[in-house]
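First the proteins, then the strands, lettered A, B, ... as listed; each starts at 1. None of the values given here were measured: they were computed from a predicted structure.
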Amino acid sequence: MSRELGKQYNPRENEDKWYSHWEKEGLFSARPSPHKPPYCIVIPPPNVTGILHMGHALNDTLQDILIRYKKMRGFEALWMPGTDHAGIATQNVVEKSLAKEGLKRQDLGREKFVERVWEWRQLYGSTIINQLKKLGCACDWGRTRFTMDQEYSLAVTEVFVRLYEKKLIYQGDYIINWCPRCQTALSDEEASHQEIEGSLYYLKYPLQDAPQEFLTVATTRPETMLGDTAVAVNPKDKRYQKYIGRYLILPLINRPLKVIADEMVDMEFGTGAVKVTPAHDPNDYNLGKKHSLEFINVMTPDGRMNEAAQKFKGLDRFKAREAVIEEMKSQGLLEKITPHTLSAGHCYRCNTIVEPYLSKQWFVRMKPLSGPAIKAVKKGKVKFHPERWTKVYLNWMENIQDWCISRQIWWGHRMPVYYCSACQAKDPKKGIIVSRTKPLKCPRCSSTELKQEEDVLDTWFSSWLWPFATFYWPFSSSCQPSAVSLQPKEKKEHEIKIKERKADLKYFYPTATLTTASEIIFFWVARMIMAGFEFTGKIPFKDIYIHGTVRDSQGKKMSKSLGNAIDPLKIISEYGTDALRFSLVFGAQGQDLYLSREKFEQGRNFANKIWNASRFVIMNLGADFTAETTKGAAYRDLDTVNRWILSRFYSTLEKVNRELEGFRFNEAANSIYSFFWHEFCDWYLELVKPQIAQKDTRAVMYEVLEKTLRLIHPFMPFISEEIWQRLKPETGISILKQEWPRLEKKFIDRKVEAEMEELFNVINSIRNMRAEMEINPASQVDIRLACNDTKLIRELEPLSSCIKNLAKVGNLGFGEKYQAGKNQYAVVSKNMQIVMPLEGFTDIQQQIEKTNAKIEKLSSEIINKEKMLGNADFTARAPKEIVENERTKLCGMKEQLKKLEAIKNGLR
RNA sequence: GGGCGAUUAGCUCAGUUGGUUAGAGCGUCUGAUUUACAUUCAGAAGGUCAGGGGUUCAACUCCUCUAUCGCCCACCA
């Protein structure tokens, strides 16, 4: 490959090329290896209908960083990819496309509709996968799983049956969250509560035995009054004592309602009297059970009023609300309406307000599952990063509610439940068969009239098995379809396959790290931990990294519906994948991420900087350099500058290691960024320019660049590969196959770093002087450095040429002491005075003022420091080093002050 | 009603267990272009670390209260 580099980095030319190279070389695949420790991440499976958004981009970049980092560190790192069938979401998408043809899913029927969804998946299911490839994800694609795969589905069935057999799954009539648009039940987590501005309606219900008297109730959902079967008051409420046990007449319906007493009624709220609608409110449901009330459902599944609503039948629930109010008003039974904000559940898929609705559903008893999952987190076997999410998790787990898992949709895992109509005819509670395979006949009555349950399972009921079901757990059933008819040879092969799969799970599971967004903790993370314990007896992962929510520059959550989303693919095509990735990671850790297009420029600029620095290095090595060219001499022969950059590299490496191990991605990115740009480029390369032909310098320059590219690689895989391929003097498949640089502490030399600090101070001060004095940038100045610390002078003298080159100095002199003199200008760098002849430069008054300001500031700092050191408590109680440190500091400051004063006098 | 987070330069944010004279990027201003990069380089201006109180020799950092903003959870009709 040619080593010539263009002037600008062009991501488009590189990305696809290197991605297919990695895939071709099999760099992403991982197999159990006796010689390597395992490291595994299972991807949070994106919806099969999904398109890559910034949330994915961030989440998957972080995982890719971990995977590439661990691969380089010598782990057998597996990133398990796949997609989620996303029941409701996918069904909605396909229904929308049907709607374009003027069809509803009912027009097709269940079987045809499900076929359509599979076709849809065939066509679009790989979109998101391809987009992850654009992002550079190092997933082991050969393992790609889908939650509706036949083998995955076997795991779902297995789990359902096991839980049912343990009596942890039950069916029953309860109030659940019903989405009238999707026409299915939702779990509590799927109904997201949002505040809405509503009203509180005060309705007057007349007494049966005294129709002129009324009891007023307050409600936010007046349409549900049609299903009222009681009115409740608090037994302690003096106002209502006399009504308890008497009857009211429900207006519009004329149903007698008993006034019941119950502690749970809040006397403060509304009128203190509550209408009770057991079929449409969870509290009222409980009251209904407790007081044996009638349950009257007044709505149809699509959110309209049913025949129980009598003349309101057919009206949409919100239209019915208006109609009911209108009617009550005309009958003089509406007392008042007051504004009221309430929080209402919204369907997390279509944002429709959910209706608390009484229906027969399937539930998982969660309490028995939560115990081990709570303990594991409390004991630190599973850790959240940042740690604060632990509390959120524990709080939810400790108050866990049963999980409604049945969905009245068609796309999903049909429940392995079969009904025997013969048995059910006798007793509806009987005749339920739960089985791994479809039973041929009823075990009780031998009837063959069996019907499978229509409902499908909640999508999360399959996702919660993801960390082990992706490894083909529970194995046993894998051979099922034709197991009986297998030939001996096939059978043997099959056994080997099973054995391999078991070894695979054993090696990679428990997985190492799970990376996800905080919204998913309840839906997925918590449930995976429970499933892990219940079905494998182990934790599913050790670390959970929760990243921030991606927001726009206004702080709004980025979403398609709000129209504020920045499309990551667009950023990729404009700025390149590496720029996108770097900018995302560069953002805050664990905090929410505010994004704007400008943020990505920073990533692009960094990529370009890497490109050009490398271009410079390659140019100077000569495009035909070899391993011989890049081989350096012994460390002891290196000069300060070269020793310094090695020291800084290894200091940076140490920091980056620590930061990555602690999931502080942004800090790691930051460390690499400032090392590369400000130390390697701004200082080192500038310093060595004059000596670039030296063999040792070339070797060090090469080595540091090559190793830095390895640090960059997990963050910016494409550009690091592209340059590395041109840089390598010997063959190698990929930078990803290189070892993560080993930390060589012997190269970290604080003394060299301190010397160089001093050099930088001097150069900065001279540059500063020149700018202040408006000296022609092209012209050289003569400088004398004055310092009574001869050791310092001895250290700096060999670096004279550096000062001359980087600060444009002609003659550079060293002197022990500064003597105030006319026509001299001087400043104080940390430990020395820098003296410049003043001839020809004007505006001395300004310099005097500046110097005065400095003196003033320094003086007050000295006073503070003296006070501090004068404090007996301080010297007595603070650690010795600190006190000593402060003393030296004070000395230095006093020196500085003296020098400044000398300068001031010199200026006069 | 509970819980969590945020509040540091004009903007976006760093600041690891308390211990230099509080940092970066963007933006602004000044200057630089045959010499790797203007997607650049050099320099400057800009902060009573939201406010009150406390602990400590020492607080941006720990505790407490208050304010503002945001998120999550909860059955208040």
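Taking atom CZ on A:Phe675 and atom P on B:G23, their separation rounds to 22 Å, with Å as the unit. Distance, A:Glu866 CD to B:U21 C1': 15 Å, rounded to whole Å. The distance between atom NZ of A:Lys865 and atom P of B:U20, rounded to the nearest whole Å, is 8 Å. In this structure, A:His385 places its NE2 atom 15 Å from C1' of B:U16, rounding to the nearest Å. A straight line from CG of A:Leu685 to P of B:U40 spans 16 Å, rounded to a whole angstrom. Atom NZ in A:Lys7 sits about 10 Å away from atom C1' in B:A38, given to the nearest Å. Rounded to an integer number of Å, the gap from NE2 of A:His193 to C1' of B:G1 is 15 Å. A:Gln194 has its CD atom 9 Å from the P atom of B:C72, to the nearest Å.
For the C1' atom pair drawn from B:G31 and B:A45, the interatomic distance equals 15 Å after rounding to whole Å. Comparing the same atom, C1', in B:A22 and in B:G47 gives a spacing of 9 Å after rounding to whole Å. B:C26 and B:A44 are spaced 16 Å apart, taking the P atom of each and rounding to whole Å. Straight-line distance between the C1' atoms of B:U68 and B:C76: roughly 27 Å, to the nearest whole Å. Atom name C1', nucleotides B:C73 and B:C62: the rounded distance is 28 Å, in whole Å. On the P atoms, B:C63 is 27 Å away from B:C11, given to the nearest whole Å. If you take atom C1' in B:G1 and the same atom in B:A74, they sit 8 Å apart, rounded to whole Å. B:C71 and B:C13 are spaced 15 Å apart, taking the P atom of each and rounding to whole Å.
Proximity note for A:Arg615 (side chain, C-beta onward) versus B:A77, B:G43, B:A36: the nearest is B:A36. Relative to the side chain of A:Val274, the nucleotides B:G19, B:A77, B:A36 differ in distance, and B:A77 lies closest. Closest to the side chain of A:Asp266, from the set B:C76, B:G43, B:U39, is B:C76. In this structure, the nucleotide among B:A77, B:A42, B:C4 sitting nearest to the side chain of A:Asp682 is B:A42. Distances were taken from every side-chain heavy atom of A:Ser343 (C-beta onward) to each of B:G19, B:A74, B:U40; the shortest belongs to B:A74. Taking every side-chain heavy atom of A:Arg767 into account, B:A42 is the closest of B:A36, B:A77, B:A42. Closest to the side chain of A:Arg388, out of B:G5, B:C37, B:U39, is B:G5. The side chain of A:Gln8 lies closest to B:U39 when the candidates are B:A36, B:U39, B:A44. Minimum atom distance to the side chain of A:Lys889 is reached by B:U20, of the listed B:C41, B:U20, B:A36. In the set B:A36, B:U12, B:C73, the nucleotide with an atom closest to the side chain of A:Lys599 is B:U12.
Note on A:Glu659: nothing from the nucleic acid sits closer than 4.0 angstrom, heavy atoms only. Residue A:Asn871 is classed as a sugar-phosphate contact, given heavy-atom separations below 4.0 Å to backbone atoms only. Among the atoms of the strands shown, none is found under 4.0 Å from any heavy atom of A:Glu601. Within the 4.0 angstrom heavy-atom criterion, no nucleotide atom of any strand lies near A:Tyr575. Among the protein residues, A:Pro356 comes within range of no part of the nucleic acid, since none of its heavy atoms lies under 4.0 Å from any strand. Among the atoms of the strands shown, none is found under 4.0 Å from any heavy atom of A:Asp284. As judged by a 4.0 angstrom heavy-atom cut-off over every strand, A:His280 is placed among residues making no nucleic acid contact. Residue contacts shown for A:Trp683 are absent, as no nucleic acid heavy atom lies under 4.0 Å away.
The side chain of A:Asn608 contributes no N or O atom lying less than 4.0 Å from OP1 or OP2 of B:U40. One finds no side-chain N or O of A:Trp396 lying less than 4.0 angstrom from the OP1 or OP2 phosphate oxygen of B:A74. Between A:Lys808 and B:A32 there is no side-chain N or O to OP1 or OP2 distance below 4.0 Å. OP1 and OP2 of B:C37 both lie 4.0 Å or more from every side-chain N or O belonging to A:Lys609. Side-chain N/O atoms of A:His340 include one lying less than 4.0 angstrom from OP1 or OP2 on B:A77. Between B:C73 and A:Asn399, no contact under 4.0 Å exists linking OP1 or OP2 to a side-chain N or O.
Base pairing of B:U28 is made with B:A44, judged by Watson-Crick or G-U wobble geometry with both donor-acceptor distances under 3.5 Å. Base pairing annotation: B:C71 forms a Watson-Crick or G-U wobble pair with B:G3, both donor-acceptor distances under 3.5 Å. When both pairing distances are held under 3.5 Å, B:C76 makes no Watson-Crick or G-U pair with any nucleotide shown.
Between the side chains of A:Glu753 and A:Ser651, at least one donor N or O sits under 3.5 Å from an acceptor N or O. In this model, no donor atom of one side chain and acceptor atom of the other lie less than 3.5 Å apart for A:Asn657 and A:Glu654. Judged by distance alone, the side chains of A:Thr390 and A:Lys383 never bring a donor and an acceptor atom under 3.5 Å apart. Side-chain N/O atoms of A:Glu195 and A:Ser343 include no donor and acceptor closer than 3.5 Å.
Residue-to-nucleotide proximity on RNA chain B shows that, of A:His678 and A:Met267, the 5′-proximal contact is made by A:His678. Comparing A:Ile882 and A:Asp281 by the nucleotide of RNA chain B that holds the closest heavy atom to each, the one mapping nearer the 5' end is A:Ile882.
Within 6.0 Å of the CD atom in A:Gln780, the count of heavy atoms belonging to other residues, nucleotides or ligands exceeds 12.
Side chain A:Glu886 to base B:A58: no donor-acceptor pair is found below 3.5 Å.
Using bins of under 30°, 30° to 60° and over 60° for the plane-to-plane angle, the ring pair A:Tyr673/A:Phe582 lands in the parallel bin.
Residues A:Glu263 and A:Lys236 come closest through the heavy atom pair OE1-NZ, 3.6 Å.
Note that CZ of A:Arg726 is 11.0 Å distant from CZ of A:Arg615, once rounded to the nearest 0.5 Å.
Each of A:Glu519, A:Glu189, A:Glu190 was evaluated against A:Tyr348; a single residue qualifies, A:Glu190, per the side chain to side chain donor-acceptor pair (under 3.5 Å) test.
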